[in-house]
Structures are given as structure tokens and as C-alpha cells.
Amino acid sequence: MELSNKNALALLLDLNQDIDEYAEATVKNIVEDKNFDSLTYPPNGGLTELEKQELSKLENNEHLKNALRKVIADNSAGLIFSMLNIIDGTTDPKHMFAEWTGIKLVDQEENEDEEKFQDMLHDSFFETYWEWKKIRGDKNWKLDTYEE
């Protein structure tokens, strides 16, 4: 069984949406709400009191929030791109690579009529940003710098 174009696109669009939404939520928590207890990684982690004090100095303005969203989104996209490279088999994991045999993403149910995904997920991931941007609709901020 293979991965269909439909399911690959759905996955990649969802990843782009999650990047957008997580960046927005994180910036809102930090800059607007001054809620520094929303971090979930590492599991026992969080910020020290001194780190919280420094973050609380950030002013609530649109340029800062846009910049932070872009930094957070870029970090998230880099992580996802790296993971997709491992899934695509274009790189090996950094740990346990001697035992690594590779993995595949496949459709859970096979549909003979469905067109099969022939590209690399990591290559298609960045390309689907533009499709995600169309679906996303008009918000008062965006990750890219293109004027429309």
C-alpha cells in the first residue's frame, strides 16, 4: 500500500496550519497574556523566574508579535522538514542509525482509484505553504513577506 496524493496533501496542509496556529497561540501567551506556564516541552520544563521576568519585558505590539510568530514558525517548520526527510529516507536519524531500517507513511485504506503520491514529503512540505495560505484566508498577519 502507498500514500495517496489526497492524504499527502491533507497531511502537509494540516502541518502548515498547525505551524500557523501554534505560533499564534505561543505569541499570544507570551506577549499578550504574559502566561509563561503554557510551555509543554520538555515535559518537566518551563521557564525559570528570571526567564519569565525577562519575557515579561516584551511590549505588546504588532511588529514584535509578527516577528516572534515568524521565528517560532520557522523553528517548527525546520523540525517538520527534518522529520519528513527521515520518513522520505533522504537522511538517517541521528541516534540509533545502525538499527534504522526506515519507515513509510501509507494510506490506512487502499483505494485503487486514488492517485499515488510520487514526490518527497519534505520537498512538498514547503510548496504546500502557498496552498495553505489560500485556505487560511485573510488574517491581520502573515508569515511570508509577499504583498498581494
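The structure displayed is predicted, hence computed values, not measured ones. This chain uses plain numbering: 1 for the first residue, then up along the sequence.
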> Among pairs that include at least one residue of residues 25-36, which meet side chain to side chain donor-acceptor pair (under 3.5 Å), considering only residues two or more places apart or in two chains?
Replying inline: Lys28-Asp33, Asn29-Ser38, Glu32-Lys65
> Is atom CD of Glu59 surrounded by more than 12 heavy atoms (other residues, nucleotides or ligands) closer than 6.0 Å?
Replying inline: no
> Once you round to the nearest 0.5 Å, how far does NZ of Lys134 lie from CG of Leu13?
Replying inline: 10.5 Å
> Taking side chain as C-beta onward, heavy atoms only, is Asp20 less than 4.5 Å from Arg136?
Replying inline: yes
> Which heavy atom of Phe117 sits nearest a heavy atom of Asn5, and at what distance?
Replying inline: CA-OD1, 3.0 Å
> Would a distance-only check, ignoring hydrogens and angles, find a side-chain to backbone donor-acceptor pair under 3.5 Å from Ser76 to Ile72?
Replying inline: yes
> Closest approach of Gln17 and Glu21, non-hydrogen atoms and distance?
Replying inline: NE2-OE2, 2.6 Å
>> Going by ring-ring contact (aromatic ring centres under 6.0 Å, His included), name the residues that satisfy it together with Trp130, two or more places apart in sequence or in a different chain.
In response: Tyr146
> Under a single-linkage definition using a 4.5 Å side-chain heavy-atom cutoff for Ile, Leu, Val, Met, Phe, Trp and Tyr, are Leu84 and Leu79 assigned to the same hydrophobic cluster?
Replying inline: no
> Considering residues at least two apart in sequence or located in another chain, which fulfil the side-chain hydrogen bond (donor to acceptor under 3.5 Å, both in side chains) criterion with Asp88?
Replying inline: His122
> How long is the gap from OG1 on Thr90 to CG on Asn85, to the nearest 0.5 Å?
Replying inline: 3.5 Å
> When you measure from the side chain of Asn16 to the backbone N and O of Leu12, does any donor-acceptor pair fall under 3.5 Å?
Replying inline: yes
>> Could you report the tightest heavy-atom contact between Asp119 and Ser124, atom names first, then the distance?
In response: CB-OG, 3.6 Å
> Which atoms form the tightest heavy-atom contact between Ser82 and Lys94, and what is the distance?
Replying inline: OG-NZ, 4.0 Å
> Below 4.5 Å, heavy atoms only, C-beta onward: do Leu121 and Leu3 meet side chain to side chain?
Replying inline: yes
> Rounded to the nearest 0.5 Å, how far does CE of Met83 lie from CD1 of Ile103?
Replying inline: 8.0 Å
> Where do Ile80 and Leu15 come nearest, in terms of heavy atoms and distance?
Replying inline: CG2-CD1, 3.8 Å
>> Distance check, rounded to the nearest 0.5 Å: Leu9 atom CG versus Trp132 atom CH2?
In response: 12.0 Å
> Counting N and O atoms only, with roles assigned by atom type, does the side chain of Thr128 sit under 3.5 Å from a partner on the main chain of Glu131, one being a donor and the other an acceptor?
Replying inline: no
>> Which residues pass the side chain to side chain contact (heavy atoms under 4.5 Å, CB included) test with Tyr22, not counting sequence neighbours?
In response: Asp18
> Would Val31 end up clustered with Val71 when hydrophobic side chains under 4.5 Å apart are linked, directly or stepwise?
Replying inline: no
> Closest heavy-atom contact between Phe126 and Ala77?
Replying inline: CE2-CB, 4.1 Å
> Checking side-chain contact (heavy atoms from CB on, under 4.5 Å) for the pair Glu2/Val106: CA distance, chi angles, key distance, verdict?
Replying inline: CA-CA 5 Å; Glu2 297 178 57; Val106 297; 5.6 Å; no
> Is Ile86 close to Trp100 at the side-chain level, that is, under 4.5 Å between some pair of heavy atoms?
Replying inline: yes
>> List the residues meeting salt bridge (Lys or Arg N to Asp or Glu O under 4.0 Å) with Lys52, not counting sequence neighbours, and say none if there are none.
In response: Asp37, Glu49
> Side chain of Asp107, backbone of Ser4: donor and acceptor closer than 3.5 Å?
Replying inline: yes
> Could you give all pairs that pass the salt bridge (charged side-chain N to carboxylate O under 4.0 Å, His left out) test and reach residues 3-17, with sequence neighbours left out?
Replying inline: Lys6-Glu114
> Once you round to the nearest 0.5 Å, how far does CD of Glu24 lie from CD1 of Ile19?
Replying inline: 14.0 Å
>> I'd like to know if the side chain of Asn61 reaches the main chain of Leu64, judged simply by a donor and an acceptor atom lying under 3.5 Å from each other, with no hydrogens or angles considered.
In response: yes
>> Once rounded to the nearest 0.5 Å, what's the spacing between atom CD1 of Ile30 and atom CG of Leu58?
In response: 8.0 Å
